[in-house]
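Input: a single structure, listed below in structure tokens.
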Amino acid sequence: MKNKIVWALIIVVVLGVVNIWYYVFQYSKTHHRDVANEVATLVTSAQLVKDFQSDEKAANVKYLNKAIEVKGELLQENKDQSGNITLTLKSGDPFSNIFCTLQPGLPLPVKGSVIVVKGVCTGFLSDVVLNNAIVVKSVE
Amino acid sequence: MKKAILSLILFSGMCFQLHAQKIYSTKTGQIKFNASSPLEKVAAVNDQVDSKMVDKTGQIVFSVLIKSFRFENQLMEDHFNENYMESSKFPKAEFRGYITNASTLNFAKDGKYPVNFDGTLTIHGVQQKVTASGIMAIEGAKPTISGLFKVKIKDYGITGSYIGNKIADEAEISVNCKYE
């Protein structure tokens, strides 16, 4: 009887350790945050830049690390040094736009169109920056 | 009349100044972070580095958002942001300074030039004076800066609960920025 309890305990502990190991080193490597599955609030590119310019701290509380959908006119399409596609959305202020890095392997929107980009807001440099983004729709 | 001539001279002088100085910039520079220990690989890459540089004066600035660092392991990325960098409180890191040997650089001539940096690095809200060296490669009048330097994590008041056993106490930062 005692033996059985000891064995049962050992099995429980081993399973626990294996589970933790799997979650920390395997699951977390293959399961990355994906904005496609997250609920996001919609904001225009002009409003987003305005929010960060008028009060960066408050805007950080509101947007940082959250999934947001930004609607704006596509200004530029480029590639970064790792080969990811980057999109710049016009905000109305020529010195401060929305800079988005897309998830790899996505189809491109047409230049000059109004689009909605969904991504994780990582903060404000000269532009408001979105990471891990996807193009949700092209409006025009 | 005299005033008008004077201001004209001054204005043309300013125009010349503007032409004589060029600002190079990028929004897609790359900074890699490596604090791996023999036990664990702790490495991340940031492809959204904002950097500007003035050719004549050597003035240079690099700005990064901490939340733009991407790790292979999502859990590690969350720990990095929440426990170590406290990136909601301190969303940015920045280097502001000078290339001290800017006068030796010829932006019109292709080649590789050694460069030295001197300035202030701000991480986790803590400012420290730093010096570093790197290479500037110029190709078709477009410069690329690459460099590698080490940062003592404790110097910046970063005290995650795992420090000391799991991650290295020195982080390696490598910079690679292609300017336009």
Side-chain angles (χ1 to χ4, degrees), chain A residues 20-35 52 56-68 75-89 95-104 119-133, chain B residues 23 25-32 39-52 61-82 85-95 125 142 144-146 162 166 174-180:
Chain A
I20 291 169
W21 175 86
Y22 177 78
Y23 175 67
V24 172
F25 295 104
Q26 301 301 312
Y27 181 85
S28 299
K29 239 181 220 177
T30 47
H31 289 70
H32 275 258
R33 182 175 178 183
D34 187 359
V35 284
F52 271 98
E56 196 176 331
K57 261 196 175 160
N60 275 331
V61 171
K62 194 170 169 189
Y63 298 114
L64 209 60
N65 209 25
K66 300 205 169 89
I68 51 172
L75 178 71
Q76 213 176 33
E77 201 181 284
N78 242 317
K79 270 193 178 171
D80 69 18
Q81 290 178 209
S82 290
N84 302 308
I85 292 163
T86 63
L87 303 177
T88 307
L89 300 186
F95 296 112
S96 206
N97 295 301
I98 315 290
F99 182 80
C100 320
T101 301
L102 296 189
Q103 293 174 7
V120 178
C121 182
T122 60
F124 183 53
L125 294 173
S126 48
D127 293 336
V128 179
V129 180
L130 257 62
N131 209 347
N132 271 325
Chain B
I23 298 176
S25 71
T26 178
K27 284 178 183 175
T28 54
Q30 191 179 65
I31 286 183
K32 285 182 179 166
L39 278 178
E40 204 170 1
K41 185 186 166 201
V42 184
V45 58
N46 187 329
D47 281 304
Q48 299 175 319
V49 179
D50 195 308
S51 178
K52 291 184 181 70
V61 53
F62 296 94
S63 317
V64 296
L65 292 165
I66 304 302
K67 287 192 193 294
S68 291
F69 277 99
R70 285 172 295 111
F71 286 72
E72 201 177 85
N73 186 318
Q74 179 70 51
L75 195 67
M76 218 177 255
E77 189 173 308
D78 297 346
H79 273 268
F80 172 79
N81 278 294
E82 286 158 26
M85 302 300 288
E86 298 176 84
S87 61
S88 295
K89 215 162 134 195
F90 311 107
K92 293 176 197 178
E94 191 182 67
F95 173 84
K142 283 182 182 171
T144 299
I145 285 180
S146 52
Y162 295 116
K166 262 193 166 169
S174 68
V175 180
N176 189 312
C177 288
K178 287 182 182 171
Y179 294 86
E180 293 279 331

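In the text below, chain A, chain B and the rest are named by the order of the sequence lines, each starting its count at 1. No experiment lies behind these values; they were computed from the predicted model shown.
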Exercise. Any idea which of N60(A), D127(A), T88(A) has the most non-hydrogen atom pairs under 4.5 angstrom with chain B?
Worked result: D127(A)
Problem set entry | Expected output: side-chain Q81(A) to main-chain K178(B) donor-acceptor under 3.5 Å | yes
Exercise. Does G123(A) offer a backbone N or O that forms a donor-acceptor pair with the side chain of K92(B) under 3.5 Å?
Worked result: no
Seminar exercise, completed: Between the CG atom in L65(B) and the CG atom in L125(A), the distance rounded to the nearest 0.5 Å is 4.0 Å
For this session: Look only at the side chain of Q48(B) and the backbone of F99(A), and say whether a donor-acceptor pair between them is shorter than 3.5 Å.
Result: no
Problem set entry | Region of N131(A) that comes under 4.5 Å of a non-hydrogen atom in chain B | both
Problem set entry | Which atoms of T86(A) approach chain B - backbone, side chain, both or neither, heavy atom under 4.5 Å | side chain
Problem set entry | Whether N73(B) side chain and V24(A) backbone form a donor-acceptor pair below 3.5 Å | yes
Exercise. Does K32(B) NZ have over 12 foreign heavy atoms under 6.0 Å away?
Worked result: no
Seminar exercise, completed: The reported gap from OG in S68(B) to CG in L130(A) (rounded to nearest 0.5 angstrom) is 9.5 Å
Problem set entry | Separation between OG1 of T122(A) and CG of N81(B), rounded to the nearest 0.5 Å | 10.0 Å
Exercise. NZ of K67(B) to SG of C121(A): how many Å apart, nearest 0.5 Å?
Worked result: 10.0 Å
Problem set entry | Atom pair NE2/CD of H32(A) and E72(B) - distance to nearest 0.5 Å | 7.0 Å
Problem set entry | Residue N78(A) versus chain B: region with a heavy atom under 4.5 Å | neither
Problem set entry | Rounded distance (nearest 0.5 Å) linking atom CG of N84(A) with atom CZ of R70(B) | 5.5 Å
Exercise. Which heavy atom of S88(B) sits nearest a heavy atom of L64(A), and at what distance?
Worked result: CA-CD2, 4.0 Å
